[in-house]
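In what follows, a single structure is set out as structure tokens and then discussed.
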Amino acid sequence: HAKNCGKNNAKLYSSALTTQIMSHVKLEIGLRKALQNNELYLQYQPQIDVPSARLVGVEALLRWRHPEHGMISPDDFIPLAEETGLIVPIGAWVLRTACMQARAWHDECGRAVRVAVNLSARQFKDENLAQTVLAVLEETGLDPRLLELELTEGTLMDDAQATLATLEQLRAIGVYLSIDDFGTGYSSMNYLKRFNVRALKIDRSFISGLPQDSENAAITRAIIAMAHGLKLAVVAEGVETDEQLLLLKQFGCDMAQGYLLGQPSTEEVIGEMLMNTAATATR
Ligand code: C2E
Ligand code: MG
Ligand code: MG
Ligand code: MG
């Protein structure tokens, strides 16, 4: 690709680069104001217990509606939030909002639902993280076991003192920890035991080719067997077809999440799902 961009294109490229840097700066300025301007909000994606098809939890997913540029994907602004450290105040807002919502569902729908919140490695380097989590739980009155924190393999493998201390404090608080995008990073099974992880979330890239892709099927089956051997639950991410769900069921996968089972949705839509399943359960 680079070879095709001859000498004459060098200037073009550098000006494109300038625009890229410019928009990066603009994006950063925008992100600084996004929180106070109420441009950020959460959607919630259902997590289903595979054997019973019951809604057992939701994952909170951050959304940014930019006043001029419209929706900006988390994949585009989360890395920027991490670089700038803005993920710390934004992440605290996500935690508080998700916990308040989980408490409200419990009160309004009469049924407990676990809420999972994504945390980036940068948040673990902030020595106040555990304090923030504790304060949010106290403020909202949410049972710590109804809060799940999704970490990546990279976060667990980071042996910075602050990260280790925070993980220990979170264990003491009693929130659940799960490993997001499992299988895509570096991992150590020792860390899985040591930090009292409750669940592994198999990355979507392993699920998307199922059931045809025999290598990914083997990997998925092996992750489930290993997790169960360690007494960890398994969540499959990105389940889009009935065939994928059927295979995961045959493999003994505990939970599933994906467009087949529910899109990321508003709190009202999740509330209705909870009302319906609460009604079914008491019938
Ligand atoms: P993730 O935590 O792995 O979240 C799952 C992503 O997969 C979400 O993308 C979700 O919308 C998408 N997804 C769910 N089911 C399907 C499916 O069946 N097919 C396909 N193709 N995609 C599916 P989203 O919302 O764009 O978020 C992207 C990533 O941004 C997240 O990946 C997470 O790493 C990060 N993120 C989102 N919200 C937060 C947050 O509040 N804090 C932090 N630190 N990171 C966040
Ligand atoms: Mg996640
Ligand atoms: Mg994931
Ligand atoms: Mg991810």
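These numbers come from a predicted model, not from an experiment. Read the numbers this way: they start at 1 and go in the same order the structure lists the ligands and their atoms.
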### Message
To check you understand the geometry: which heavy-atom pair defines the closest contact between A233 and M255, and what is its length?
### Response
CB-CE, 3.8 Å
### Task
Pick, from D181, L151, I90, the option with the minimum heavy-atom distance to atom 3 (O) of ligand 1.
D181
### Task
Kindly give the atom name of the N, O or S atom of E59 closest to the Mg ion (ligand 2).
OE2
### Message
Under a 4.0 angstrom heavy-atom cut-off, which atoms of ligand 1 come close to D180?
### Response
1 (P), 2 (O), 3 (O)
### Query
Within less than 4.0 angstrom of ligand 1, does K201 place any heavy atom?
no
### Task
Could you list the atoms of ligand 1 found under 4.0 angstrom from a heavy atom of V94?
41 (O)
### Query
Just which atoms of ligand 1 are under 4.0 Å from any heavy atom in P264?
11 (O)
#### Entry: D203 near the Mg ion (ligand 3): N/O/S under 2.8 Å
no
### Task
Closest by any non-hydrogen atom to atom 14 (C) of ligand 1: pick that one out of Q45, E240, R122.
Q45
#### Entry: Shortest reach to atom 34 (O) of ligand 1 by a heavy atom, considering only L95, N118, L42
N118
### Query
Does the side chain of T152 come under 3.5 Å of the side chain of T155 through a donor N or O and an acceptor N or O?
yes
### Query
Is the closest side-chain heavy-atom distance between H24 and E83 below 4.5 Å?
yes
### Task
Measure the spacing between CD of E138 and CD1 of I173 and express it to the nearest 0.5 Å.
9.0 Å
### Summary
Closest to the Mg ion (ligand 2), among the N/O/S atoms of E150, is atom OE1
### Query
Between E272 and V269, is there a donor-acceptor pair closer than 3.5 Å when you use the side chain of the first and the backbone of the second?
no
### Message
Using a 4.0 Å cut-off to any heavy atom of R204, which atoms of ligand 1 qualify?
### Response
6 (C), 7 (O), 12 (C), 13 (N), 19 (N), 20 (C), 21 (N), 22 (N), 23 (C)
### Task
Report the part of L260 in contact with ligand 1, treating N, CA, C, O as backbone and CB onward as side chain, heavy atoms under 4.0 Å; options are side chain, backbone, both, neither.
neither
### Task
Could you tell me whether E59 approaches ligand 1 through its side chain, its backbone, both or neither, with non-hydrogen atoms closer than 4.0 Å?
side chain
### Message
Tell me which N, O or S atom from D180 is the closest to the Mg ion (ligand 2).
### Response
OD2
### Task
List every atom of ligand 1 that sits less than 4.0 Å from any heavy atom of G238, numbering the atoms from 1 in the order shown and giving each element.
16 (C), 17 (C), 18 (O)
### Query
If the Mg ion (ligand 3) is the vertex, what is the angle to OD1 of D181 and OE1 of E237, rounded to 10 degrees?
90°
### Message
As a test of understanding, state which of Q257, E237, Q263, E59 forms a side-chain hydrogen bond (donor to acceptor under 3.5 Å, both in side chains) with Q45.
### Response
Q257
### Message
For R63, state whether at least one heavy atom is located under 4.0 Å from any atom of ligand 1.
### Response
yes
### Task
State the atoms of ligand 1, each with its element, that fall below the 4.0 Å cut-off from a heavy-atom position in S120.
44 (N)
### Task
Between Q43 and ligand 1, find which residue part has any heavy-atom pair under 4.0 Å and reply side chain, backbone, both or neither.
neither
### Task
I would like to know whether E82 and R122 meet salt bridge (Lys or Arg N to Asp or Glu O under 4.0 Å); could you show each step before the answer?
CA-CA 6 Å; E82 286 168 357; R122 178 64 183 74; over 6 Å; no
### Message
Minimum distance, heavy atoms only, to atom 41 (O) of ligand 1: which one of L119, L62, I207, I78 is it?
### Response
L62
### Message
Nearest 0.5 angstrom please: L61 CG to Q43 CD, how far?
### Response
7.5 Å
### Message
Tell me whether Q36 at atom CD has more than 12 heavy atoms from other residues, nucleotides or ligands lying less than 6.0 Å away.
### Response
yes
### Query
Nearest 0.5 Å, what's the CZ-CD distance between R96 and Q101?
15.0 Å
### Query
Could you give the distance from CG (L146) to SG (C99), rounded to the nearest 0.5 Å?
9.5 Å
### Query
Does a donor on one side chain sit under 3.5 Å from an acceptor on the other, for D49 and S52?
yes
